[in-house]
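Numbers restart at 1 for each chain; the letters A, B, ... are given by sequence-line order, proteins then strands. Remember, predicted model here, so these are calculated numbers, not experimental data.
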Number of protein chains: 2
Amino acid sequence: MEKKYNILLVEDDASLGYLLSEYLKMKNFDVIWEKNPTKVMGLIQSNRFDLAILDVMMVEMDGFTLAADISKKFSNLPFIFLTARSLKIDVLKGFSLGALDYLKKPIDEEELVVRIFTLLERLNKGTSTDKEKEMFEIGSYRLNSSTQELIFESEMTHLTSRESDLLKYLASHPNTLCHHKNILETIWGNDDYFNRKSLNVFITHLRKYLAKDPSLKIENVHGKGFILKTDLGKNN
Amino acid sequence: MEKKYNILLVEDDASLGYLLSEYLKMKNFDVIWEKNPTKVMGLIQSNRFDLAILDVMMVEMDGFTLAADISKKFSNLPFIFLTARSLKIDVLKGFSLGALDYLKKPIDEEELVVRIFTLLERLNKGTSTDKEKEMFEIGSYRLNSSTQELIFESEMTHLTSRESDLLKYLASHPNTLCHHKNILETIWGNDDYFNRKSLNVFITHLRKYLAKDPSLKIENVHGKGFILKTDLGKNN
DNA sequence: AAATAAGATTAATGAAAAGTTAATAAGATG
DNA sequence: CATCTTATTAACTTTTCATTAATCTTATTT
């Protein structure tokens, strides 16, 4: 159940507009295709969009002026340009207006979708609850955090929930200091004296599990937290 | 005073590499151009970059595998691809690896600069205000104030919290007199006789750590405080 | 130059933090 | 109910690190 993004496509060319909007719908976007650029502001007023795709060359209205209007009134609506003109000056103008991308025709629909999708995912990273990764590569180990299995070569070890959660936490921030405060608050729910003791016990567990790969190390930063180091010995 | 971005350009083609790196430098980016992709991981380890630009087709190593390595070990380093191949499958692969953009040759340098710049500005929008700087360049040393590591030519030393805090303080005011009053109040919390003694001890520690770079010196101004001099020989 | 204060350096101390192993308690499973 | 699993707590050792002390060196003042 992935999130459905709402896209506003402003394109006065009938065939390209049809092609793109159908393709985007096929790819699970909610698309509103508007042929008339003068009606766009009203549309934005009454709908919620995640992204606007604007053609630069339209008969009724210039895509650039439309973009300027949009960013003036709805500054939080991201937009990208689509254009047949690949004049350099236009590209620069497009970006200076605040466009997140500037695509030249002929458009490859598949590429368009990928660009749009990664763009939106990136924009939403902070806000939405980012979907949880479940497989982690940790040196020569692999952790499946949903089955709580830690795999090394052909050996498989079953981790307890705490072990798995902790390793997952560390593995999603490799080579970065993880403050015990944060670890405890996310995994244990709160940070007190006893949970810290508990954390230490599990760090010991994990160190034992990870001992087979000498390039891995869980380091402690006194009074701060722990770091899962994954690249020891390669460059020092 | 605008922020200067550090860019890593990985390009094994001599003429294109030269052209791009010079152009980017002209546009006020700090550029390190690396011809050999196998050396890139080491470079990243010992330098701080805001963005990596990777050529896809290189003789020694595929840009895609390089990107995979980078995002595995340095997941917070954003990267974009540069390529002569405009195969659709490559574009998709590029984005699926986490690239922020995918540019096809022939590259228009001006467009490249605009894309890079808007990208970096967007990335830094969230972080710049509230997040503290954590990497510091101190002569030929680099301090990671978060992991409390001091790096000198692939040698790594662990600093204690006080050492790291103090060095960070001095490094954020290089070649400037830091009054002990201010140092003590920010790091120790208050300025008394004993904390001053303590400060002296830590200054000694730092001097020992920094001894390997003769261009660095922590000088004392009698009765006032300390100065971290980073450009000895320039004025004396 | 003598006296005094400030700084530098090295070492000693002690408290807090981390590491480890084992015991206990609480839940689940059969 | 007996057993197994798992997280927590306990008991204990080791390590880490800021502080303090002790001693020596360098400035500043008179």
Quiz item: Which nucleotide, C:dG7, D:dT20, D:dA7, lies nearest any side-chain atom of B:Val201?
Solution: D:dT20

Quiz item: When the distance from CD1 of B:Ile183 to C1' of C:dG7 is rounded to whole Å, what number comes out?
Solution: 14 Å

Quiz item: Are any of the side-chain heavy atoms of A:Asn47 and A:Asn6 separated by less than 4.5 Å?
Solution: no

Quiz prompt | Separation of atom NE2 in B:His158 from atom P in D:dA18, rounded to whole Å | solution = 13 Å

Exercise. Measure the distance from CD1 on A:Ile203 to C1' on D:dT14 and round it to the nearest whole Å.
Key: 17 Å

Quiz item: Between A:Lys208 and A:His180, which has a closest nucleotide on DNA chain C that is more 5'?
Solution: A:His180

Quiz item: Within 45° of the ring axis of A:Trp188 and under 6.0 Å from its six-membered ring centre, is that where the NZ or CZ of A:Arg162 lies?
Solution: yes

Practice problem: Check whether any side-chain nitrogen or oxygen of B:Ser198 sits under 4.0 Å from OP1 or OP2 of D:dA18, and answer yes or no. | Solution: no

Quiz item: At under 4.0 Å, does any side-chain N or O of B:Arg162 touch on OP1 or OP2 of D:dC17?
Solution: no

Quiz item: Nearest to the side chain of B:Phe226 - D:dT19, D:dT8, C:dA8?
Solution: C:dA8

Self-check item: Value in whole Å for how far the P atom of D:dC17 lies from NE2 of B:His205
Solution: 11 Å

Quiz item: Considering only side-chain heavy atoms of B:Thr204, which listed nucleotide, C:dA18, D:dT19, C:dA8, is closest?
Solution: C:dA8

Practice problem: On the 0 to 90° scale, with breaks at 30° and 60°, tag the B:Phe81-B:Phe79 ring pair as parallel, tilted or perpendicular. | Solution: perpendicular

Quiz item: Is the distance from OP1 or OP2 of D:dA18 to the nearest side-chain N or O of B:Trp188 less than 4.0 Å?
Solution: no

Quiz item: Parallel, tilted or perpendicular: which fits the ring planes of A:Phe29 and A:Phe117, with parallel below 30° and perpendicular above 60°?
Solution: perpendicular

Exercise. State whether B:Thr160 places a side-chain N or O below 4.0 Å from either non-bridging phosphate oxygen (OP1 or OP2) of D:dT16.
Key: no

Exercise. Could you check which of C:dG19, D:dA18, D:dT8 has an atom nearest any side-chain atom of B:Phe202?
Key: D:dA18

Self-check item: Pair A:Glu121-A:Tyr5, side chain to side chain donor-acceptor pair (under 3.5 Å): steps then yes or no
Solution: CA-CA 10 Å; A:Glu121 289 290 299; A:Tyr5 288 111; 2.6 Å; yes

Quiz item: Do A:Tyr141 and A:Phe136 have their ring centres less than 6.0 Å from each other?
Solution: no

Quiz item: Given atom CG of A:Asn200 and atom P of D:dT15, what is their separation to the nearest angstrom?
Solution: 15 Å

Quiz item: Rounding to a whole Å, what distance do you find between B:Glu163:CD and D:dC17:P?
Solution: 8 Å

Quiz item: If each of A:Val221 and B:Arg196 is mapped to the nucleotide of DNA chain C with the nearest heavy atom, which maps nearer the 5' terminus, i.e. the 5' end?
Solution: B:Arg196

Quiz item: Any idea which of D:dC17, C:dA8, D:dA10 is nearest the B:Lys197 side chain?
Solution: C:dA8

Practice problem: Send over the distance from B:Phe194 CZ to D:dA21 P, rounded to a whole Å. | Solution: 5 Å

Practice problem: Ignoring the backbone of B:Asn220, work out which of D:dT8, D:dA18, C:dA8 is nearest its side chain. | Solution: C:dA8

Quiz item: A:Leu206 CG to C:dT20 P: how many Å, rounded?
Solution: 12 Å

Exercise. Name the nucleic acid region contacted by A:Arg207, choosing base, sugar-phosphate or nothing; use a 4.0 angstrom heavy-atom cut-off, strictly under.
Key: sugar-phosphate

